[in-house]
Participant: 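If you scroll down you'll find the structure; I have some questions about it.
Letters A, B, ... are given to chains in the order of the sequence lines, protein chains preceding strands, and every chain is numbered from 1. Computed from a predicted structure; not experimentally measured.
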Amino acid sequence: MQIYNTLERELVEFVPRDQGAVSMYVCGATVQARPHLGHGRYAVVFDVIRRYLSWLGYDVTYVRNVTDVEDRIIAAANERGIDTQDVVEQSYKDFAEAYRLLRVEEPTVEPWATEHIDDMIDLIGTLIGKDYAYVANGDVYFAVRSFPEYGRLSRQNLDDLRAGERVEPEEHKRDPLDFALWKAAKPGEPSWESPWGPGRPGWHIECSAMARRYLGDDFDIHAGGHDLIFPHHENEIAQSEAAFGTVFARIWLHNGMMNLGGEKMAKSTGNVVDLLEVLSLHEPTAVRLLYLRTHYRKPLDFTQEALDDAEASLQRLWAFRRRVEGPVEDPPDAEAMARFRAAMDEDFDVAGGLGVLFDVVRDGNRRLDDGEDIGGLIAVFDEIMGMLALDERSDGVADLADLIGEIAERHGAAANVDALLDRREQARTSGDFEAGDSIRDELAAIGIVVEDTADGARWHRR
RNA sequence: GGCGACGUGGCCGAGUGGCUAGGCAAGGGUCUGCAAAACCCUCUACCCGGGUUCGAUUCCCGGCGUCGCCUCCA
């Protein structure tokens with residue numbers, strides 16, 4: 001299997017540290033506000049990579065952190081006049097709900113930054129002890145120029161960086177490029193005791209501390225958004241490798257940004273689409289498919305057309321599966337399965353894999369029309385759809401039963417769709433098409449599509 | 001200014017040194033009381049200019065364009 005490693009800027013053969021197991025760390029969200037579409041993308045894209053590795057048989061340890069102490073959380077709390085804890089709690093709930101709707105699997109471990117302050121303090125102490133970091137007025141900074149490898153990930157030359165133009169006046173850095181490991185407490189901010197006085201951790205240190213705690217040194221995959229390459233991931237490498245003298249992460253994966261109107265979606269610019277809103281207006285699985293249609297490393301422009309497109313193609317997939325009832329016993333068609341794997345093995349080319357899936361659908365439909373048995377293709381289909389977690393709808397329309405009940409009452413049927421369809425059939429055979437059509441229309445109005453087939457009427461949700 | 005990515009048919013979007021990716025839309029058809037849904041068929045593209053090659057959308061060089069990072073960011 002080949003994976004694109006940002007560190008090398010090329011495809012590398014994947015060889016895990018421990019045979020049969022994969023250790024993976026993903027930079028999760030800073031819980032400061034509601035998630036936008038970009039957050040959904042990183043979550044889904046790395047979820048699929050994780051699922052694929054598991055599907056291949058690897059025992060995957062998947063760590064995704066929660067940043068619950070950070071400048072923007074404090075800013076959000078001040079702005080709204082509430083406690084930082086309330087900001088964190090609400091935002092975390094929103095993220096969790098979005099992940100659930102998108103069918104993102106729970107991480108193996110979900111460490112919270114504030115629960116690992118001791119680990120961070122230890123790490124900072126080690127860095128100071130090795131002269132990679134220094135204390136200044138209660139702050140602790142990492143001395144970038146003490147780490148010769150600095151800039152390797154982002155291909156940046158220290159002298160070319162434009163940092164320093166925005167150094168805050170209260171900072172006491174020796175070099176403008178130095179970054180904070182520990183920030184001295186300010187009034188009204190959450191703080192913890194430390195050997196350097198009360199304060200709170202800088203942003204980058206948490207990932208170094210938590211990744212090491214749960215995955216050790218030299219773990220397999222570190223993933224995150226493309227915008228994290230510099231400075232976040234660059235700084236993580238510097239901290240970890242300076243402190244422990246070992247390789248931090250072997251492979252770095254970065255997902256492309258979600259764009260809106262051709263420009264990056266980011267809260268700071270207001271150029272965002274609210275994720276939970278989209279998920280409430282559209283089938284979440286279609287949003288998942290939207291993310292998956294584009295290779296994870298490329299930018300993805302969000303448009304209504306693109307989402308409608310994804311929704312329509314998802315309907316095609318589901319419609320195919322509806323043509324064959326129940327699970328199949330047959331072994332998956334080997335050729336199709338191999339084509340799918342070949343695509344996925346080349347840097348997780350999910351879009352290419354979806355092409356294989358649609359080939360299976362077309363081929364399957366054709367052979368079904370000819371009255372052939374297509375168990376082997378259905379098995380492939382189920383395998384792939386299950387692996388990608390596209391196999392079922394994921395919304396929570398709870399009041400659908402009530403709506404069906406209302407319709408049933410009007411037509412004197414039992415309160416379920418099948419009874420209504422029986423009713424419609426009676427009406428049609430007695431020539432009362434008006435009554436029959438009315439049932440059909442009313443069901444359509446609540447999102448239930450009636451299909452008349454050679455074997456009678458069937459229904460499904462739109 | 002430095003670093004980097006990308007430019008594929010109406011739209012979206014994989015991939016490849018020579019052999020129709022795929023999806024959506026559109027057009028045609030099958031089915032049907034009507035309709036819908038569903039299914040089938042059709043639609044042969046790779047920014048521009050050089051170069052390498054028997055042959056380039058695919059490799060190399062240059063240009064143009066779009067975007068990202070260099071400040072918080074998935």
Participant: Base, sugar-phosphate or nothing for A/Glu70? Non-hydrogen atoms, less than 4.0 Å.
Facilitator: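 Sugar-phosphate only.
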
Participant: By ring pair (Phe, Tyr, Trp, His ring centres under 6.0 Å), which residues pair with A/Phe433, not counting sequence neighbours?
Facilitator: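 Expected list: none.
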
Participant: If pairing requires Watson-Crick or G-U wobble contacts with both distances under 3.5 Å, which nucleotide is the partner of B/C31?
Facilitator: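 None - no nucleotide pairs with B/C31, as no candidate has both distances under 3.5 Å.
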
Participant: Does a side-chain heavy-atom distance below 4.5 Å link A/Asp94 with A/Gln90?
Facilitator: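 Answer yes - side chains close enough.
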
Participant: Which residues satisfy the side-chain hydrogen bond (donor to acceptor under 3.5 Å, both in side chains) test with A/Glu97, sequence neighbours excluded?
Facilitator: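 Result, side-chain hydrogen bond (donor to acceptor under 3.5 Å, both in side chains) vs A/Glu97: A/Arg100.
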
Participant: Could you give the CZ-to-C1' distance, from A/Arg458 to B/C31, as a whole number of Å?
Facilitator: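 The distance from CZ of A/Arg458 to C1' of B/C31 comes to 14 Å, rounded to the nearest Å.
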
Participant: Indicate, with a heavy-atom threshold strictly under 4.0 Å, whether A/Arg322 touches base, sugar-phosphate, or nothing.
Facilitator: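 Answer is nothing: A/Arg322 stays at 4.0 Å or more from every strand.
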
Participant: Counting only Watson-Crick or G-U wobble pairs whose two distances fall under 3.5 Å, which nucleotide matches B/U42?
Facilitator: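 The base-pairing partner of B/U42, which may sit in any strand shown, is B/A26.
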
Participant: Describe the nucleic acid contact of A/Lys264 in one word from base, sugar-phosphate, nothing, applying a heavy-atom distance below 4.0 Å.
Facilitator: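 Touches a base.
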
Participant: Is the distance between the ring centroids of A/Phe320 and A/Phe381 under 6.0 Å?
Facilitator: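 Yes, ring centres under 6.0 Å apart.
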
Participant: Considering only the P atoms, how many Å lie between B/U30 and B/A36, rounded to the nearest integer?
Facilitator: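 It works out to 14 Å between them.
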
Participant: Measure from the side-chain heavy atoms of A/Phe433 and tell me the nearest of B/G33, B/C39, B/U71.
Facilitator: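 Nucleotide nearest to A/Phe433's side chain: B/G33.
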
Participant: If I take atom CG in residue A/Leu314 and atom P in nucleotide B/A37, what distance separates them, rounded to the nearest angstrom?
Facilitator: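 Value for this atom pair: 16 Å.
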
Participant: Tell me what A/Asp452 touches on the nucleic acid: a base, only sugar-phosphate, or nothing, going by heavy atoms under 4.0 Å.
Facilitator: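 Base: the residue A/Asp452, judged by heavy atoms under 4.0 Å, touches a nucleobase.
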
Participant: Between B/A74, B/A14, B/U71, spot the one nearest the side chain of A/Pro231, thanks.
Facilitator: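 So the side chain of A/Pro231 is nearest to B/U71.
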
Participant: Which part of the nucleic acid, if any, lies within reach of A/Gly262 when heavy atoms closer than 4.0 Å are counted: base, sugar-phosphate only, or nothing?
Facilitator: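 A/Gly262: backbone/sugar contact only, no base atoms under 4.0 Å.
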
Participant: With a 3.5 Å limit on both atom pairs, tell me what B/C54 is paired to, counting Watson-Crick and G-U wobble, or say none.
Facilitator: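 Across all strands, the one nucleotide that pairs with B/C54 is B/G18.
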
Participant: Over how many whole Å does the gap from A/Asp437 atom CG to B/U32 atom P extend?
Facilitator: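 Nearest whole value for this atom pair: 17 Å.
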
Participant: Test: salt bridge (Lys or Arg N to Asp or Glu O under 4.0 Å). Region: residues 260-271 of chain A. Which pairs qualify, not counting sequence neighbours?
Facilitator: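 Every salt bridge (Lys or Arg N to Asp or Glu O under 4.0 Å) pair that includes a residue of residues 260-271 of chain A, provided the two are not neighbours, is A/Asp227-A/Lys264.
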
Participant: Look at all strands and tell whether A/Phe358 reaches a base, only sugar-phosphate, or nothing, counting heavy atoms closer than 4.0 Å.
Facilitator: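 If one applies the 4.0 Å heavy-atom cut-off, A/Phe358 turns out to touch the sugar-phosphate alone, with no base involved.
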
Participant: Look at A/Arg288 together with A/Asp47 and state whether they make a salt bridge at an N to O cut-off of under 4.0 Å.
Facilitator: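 The answer is yes: the pair qualifies as a salt bridge.
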
Participant: Name the nucleic acid region contacted by A/Asn157, choosing base, sugar-phosphate or nothing; use a 4.0 angstrom heavy-atom cut-off, strictly under.
Facilitator: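 The answer is nothing, as A/Asn157 stays clear of every strand by at least 4.0 Å.
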
Participant: Please work out if A/His460 contacts a base, only the sugar-phosphate, or nothing of the nucleic acid, heavy-atom cut-off 4.0 Å.
Facilitator: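 Answer is sugar-phosphate: A/His460 comes under 4.0 Å of backbone atoms only.
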
Participant: Hey, which of these two, A/Arg339 or A/Ala266, hits RNA chain B nearer its 5' end, going by closest nucleotide?
Facilitator: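 That would be A/Arg339.
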
Participant: Should the pair A/Glu234-A/Arg152 be classified as a salt bridge under the 4.0 Å nitrogen-to-oxygen rule?
Facilitator: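 No, A/Glu234 and A/Arg152 are not salt-bridged.
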
Participant: I want to check one thing: is the phosphate of B/G22, taken as OP1 and OP2, less than 4.0 Å away from some side-chain N or O of A/Arg362?
Facilitator: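 Affirmative; the distance criterion is met.
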
Participant: Scan nucleotides 4-13 of chain B nucleotide by nucleotide, 5' to 3', and note B when protein non-hydrogen atoms come under 4.0 Å of the base, S if they reach only the sugar-phosphate, - if neither.
Facilitator: S-SS----SS

Participant: Using the P atom in both, what is the distance from B/A26 to B/A21, to the nearest Å?
Facilitator: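 Result for the P pair: 23 Å, nearest Å.
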
Participant: Check whether A/Arg145 reaches the backbone of A/Asp175 with its side chain - one donor and one acceptor, N or O, closer than 3.5 Å.
Facilitator: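 Such a contact is absent between A/Arg145 side chain and A/Asp175 backbone.
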
Participant: What is the nucleic acid contact for A/Asn255, judged by heavy atoms within less than 4.0 Å: base, sugar-phosphate only, or nothing?
Facilitator: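 Since a base atom lies under 4.0 Å of A/Asn255, the category is base.
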
Participant: Counting only side-chain heavy atoms from C-beta out, which of B/C24, B/C41, B/G33 sits nearest to A/Arg424?
Facilitator: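 Of the options given, the side chain of A/Arg424 lies nearest B/G33.
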
Participant: If you only use heavy atoms from C-beta on, which nucleotide in B/A74, B/A14, B/C41 is closest to the side chain of A/Asp349?
Facilitator: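 Closest nucleotide among those given: B/A14.
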
Participant: Closest to the A/Arg440 side chain: B/C34, B/C41, B/C39?
Facilitator: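 My answer, after comparing the listed nucleotides, is B/C34.
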
Participant: Is the centre of the A/His204 ring less than 6.0 Å from the centre of the A/His233 ring?
Facilitator: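 No, the ring of A/His204 stays outside the 6.0 Å limit from the ring of A/His233, centre to centre.
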
Participant: Under 4.0 angstrom, heavy atoms only, what part of the nucleic acid is A/Ile229 near: base, sugar-phosphate, or nothing?
Facilitator: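 The answer is nothing, as A/Ile229 stays clear of every strand by at least 4.0 Å.
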
Participant: To the nearest 0.5 angstrom, please state how far the CD1 atom of A/Ile384 sits from the CH2 atom of A/Trp55.
Facilitator: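 Reported to 0.5 Å precision, the distance equals 7.0 Å.
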
Participant: Using a 4.0 Å heavy-atom cut-off, does A/Gly355 contact any base of the nucleic acid, only the sugar-phosphate backbone, or nothing at all?
Facilitator: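 Base contact.
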
Participant: Between A/Gln156 (CD) and B/C70 (P), how many Å, whole number?
Facilitator: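 Rounding to the nearest Å, CD of A/Gln156 and P of B/C70 are 9 Å apart.
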
Participant: Using a cut-off of strictly less than 4.0 Å between a heavy atom of the residue and any atom of RNA chain B, enumerate the qualifying residues of residues 441-451 of chain A by number.
Facilitator: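 Close to the strand are A/Val449, A/Val450, A/Glu451.
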
Participant: Between atom OH in A/Tyr25 and atom C1' in B/A74, what is the gap in whole Å?
Facilitator: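 Nearest whole value for this atom pair: 13 Å.
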
Participant: Could you measure between the two P atoms, the one in B/G7 and the one in B/C11, and give it in whole Å?
Facilitator: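 Rounded to whole Å, the distance is 15 Å.
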
Participant: Atom CG of A/Leu292 to atom P of B/A14: distance rounded to whole Å?
Facilitator: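 So the CG-P distance, A/Leu292 to B/A14, works out to 12 Å.
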
Participant: State which residues pass side-chain hydrogen bond (donor to acceptor under 3.5 Å, both in side chains) with A/Ser208; sequence neighbours excluded, sorted by chain then number.
Facilitator: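 Listed in chain order: A/Gln239, A/Ser240.
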
Participant: When you measure from the centre of the six-membered ring of A/Tyr4, is the NZ or CZ of A/Arg297 closer than 6.0 Å and no more than 45° off the axis?
Facilitator: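 So A/Arg297 does make the cation-pi contact.
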
Participant: What is the distance from CG of A/Asn259 to P of B/A74, rounded to the nearest Å?
Facilitator: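 The distance from CG of A/Asn259 to P of B/A74 comes to 15 Å, rounded to the nearest Å.
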
Participant: In whole angstrom, give the distance that lies between atom CG of A/Asp359 and atom C1' of B/C39.
Facilitator: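 Interatomic distance, CG of A/Asp359 to C1' of B/C39: 16 Å.
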
Participant: Of the options B/C72, B/C69, B/C40, whose atoms approach the side-chain atoms of A/Ser268 most closely?
Facilitator: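 In terms of side-chain proximity for A/Ser268, the closest of B/C72, B/C69, B/C40 is B/C72.
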
Participant: Provide the Watson-Crick or G-U wobble partner of B/G68, both distances under 3.5 Å; none if there is no partner.
Facilitator: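 Matched B/G68 with B/C3 under the 3.5 Å cut-off.
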
Participant: Check whether the ring centres of A/Tyr296 and A/His226 lie less than 6.0 Å apart, and answer yes or no.
Facilitator: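 Centroid distance A/Tyr296-A/His226: not below 6.0 Å, so no.
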
Participant: With a non-hydrogen cut-off below 4.0 angstrom, is A/Gly353 in contact with a base, only sugar-phosphate, or nothing?
Facilitator: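 Contact class for A/Gly353: none.
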
Participant: Between A/Arg316 and B/A38, does any side-chain N or O lie under 4.0 Å from OP1 or OP2?
Facilitator: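 For B/A38, neither OP1 nor OP2 has a side-chain N or O of A/Arg316 closer than 4.0 Å.
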
Participant: Mind checking the C1' distance from B/G9 to B/U71? Whole angstroms is fine.
Facilitator: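 B/G9 and B/U71 have their C1' atoms separated by 41 Å.
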
